[in-house]
Amino acid sequence: MKQKLTRQFYSQPTLEVAHALLGKYLVRQIGQQKLIGQIIETEAYLGHQDKASHAFGKRTARNEIMFGSAGFWYVYLIYGIFSCLNVVTQKKGFPSAVLIRALEPIEGIGVMKRLRRKSDLGDLTSGPGKLCQALKIDRTLNRTKAFGRDCSLWIQGRKEPNDFKIGTSKRIGVGCAGPYWARRQWGCFIRDNQCVSKR
DNA sequence: TATTGGATCGCC
DNA sequence: GCGATCCAATAG
């Protein structure tokens with residue numbers, strides 16, 4: 001249960017992965033230090049027809065990893081400042097990924113506060129750019145593995161059974177994709193949690 | 001080679 | 001509401 005999720009897990013349909021990741025632990029290992037956050041909010045990006053996805057239309061150097069096999073990290077720089085973390089899903093050739101949008105800080109909170117230069121728990125990891133800053137995630141992790149022995153960033157289950165309610169929403173910040181794709185309810189989150197990203 | 005705009009955030 | 005600040009994507 002507290003094992004790293006496997007590549008088989010990430011190979012499932014993207015919407016199932018997006019939901020199943022809620023409540024699980026994202027773990028960043030830096031030397032002996034572990035930074036851990038519980039996943040609170042995710043979004044699915046689904047196939048080359050999804051106009052909101054970086055993999056829409058054509059295959060390029062940046063989105064190439066989304067066309068690969070499941071269980072690899074896709075980390076990109078947004079607005080020249082922040083990183084965003086995704087994990088690739090489904091099968092090779094079908095470009096899809098889940099964006100990790102928010103965490104609840106669990107372990108290594110002091111380090112997260114320093115990296116973020118913020119002290120409010122509700123502001124440490126409550127957004128895709130914030131959580132990357134708090135867990136020291138940047139493009140050096142792009143295209144690396146989320147499974148197996150040699151990773152410094154992975155997701156694992158918890159012992160406790162899930163006791164939360166799940167909500168769904170539109171994906172955030174994808175209005176340019178046009179109404180059809182922007183309206184898909186492909187975001188999901190844990191209800192009544194202080195750390196969901198704001199809108 | 002040049003231009004444009006983005007799956008965000010924090011301050012005004 | 002708006003600017004920051006880099007780089008991928010696209011146009012020329």
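Residue R62(A) is classed as a sugar-phosphate contact, given heavy-atom separations below 4.0 Å to backbone atoms only. Across all strands, R117(A) comes closer than 4.0 Å to no nucleic acid atom at all (heavy-atom distances). Contact annotation for G80(A): base contact, defined as any heavy-atom pair under 4.0 Å involving a base atom.
In this structure, R59(A) places its CZ atom 17 Å from C1' of dA9(C), rounding to the nearest Å. Taking atom CD1 on I78(A) and atom C1' on dG10(B), their separation rounds to 16 Å, with Å as the unit. The distance between atom CG of N63(A) and atom C1' of dA7(B), rounded to the nearest whole Å, is 14 Å. Following rounding to the nearest Å, K130(A) (NZ) and dG10(B) (C1') show an atom-to-atom distance of 9 Å.
Applying the Watson-Crick and G-U wobble criteria (two distances, each under 3.5 Å), dA11(C) pairs with dT1(B). dC9(B) is paired with dG3(C) under the Watson-Crick or G-U wobble criterion, all donor-acceptor distances under 3.5 Å.
Distance noted for atom P between dT5(C) and dA2(B): 23 Å (whole Å).
Aromatic pair Y76(A)/Y74(A): centroids less than 6.0 angstrom apart.
Put simply, the side chain of Q38(A) never gets that close to the backbone of I106(A): no donor and acceptor are under 3.5 Å apart.
Listed candidates were dC9(B), dC7(C), dT5(C). Nearest to the side chain of I81(A) is dT5(C). For F82(A), counting side-chain heavy atoms from C-beta on, the closest listed nucleotide (dA7(B), dG10(B), dT8(B)) is dT8(B). Comparing dT10(C), dG10(B), dT8(B) against the side chain of D123(A) picks out dG10(B) as the nearest. With distances taken from any side-chain atom of K118(A) to the nucleotides dC9(B), dA7(B), dC11(B), the minimum falls on dC11(B).
Listed pair R116(A) / dC9(B) fails the phosphate criterion, with no side-chain N or O lying under 4.0 Å from OP1 or OP2. A close approach under 4.0 Å does not occur between any side-chain nitrogen or oxygen of T60(A) and OP1 or OP2 of dA8(C). Within the 4.0 Å cut-off from OP1 or OP2 of dC6(C), not a single side-chain nitrogen or oxygen of R139(A) is found.
Here the shortest heavy-atom pairing between D50(A) and Y45(A) reads OD2-CA, 3.6 Å.
With hydrogens and angles left out, the side chain of Y76(A) and the base of dA8(C) share no donor-acceptor pair within 3.5 Å.
Exactly one residue among K136(A), Q29(A), K145(A), R28(A) makes a side chain to side chain donor-acceptor pair (under 3.5 Å) with S152(A). That residue is R28(A).
Donor-acceptor pairing under 3.5 Å is lacking for the side chains of S197(A) and S126(A).
With centroids closer than 5.5 Å and planes inclined by less than 30 degrees as the test, Y79(A) and the base of dA4(C) fail to qualify as a stacked pair.
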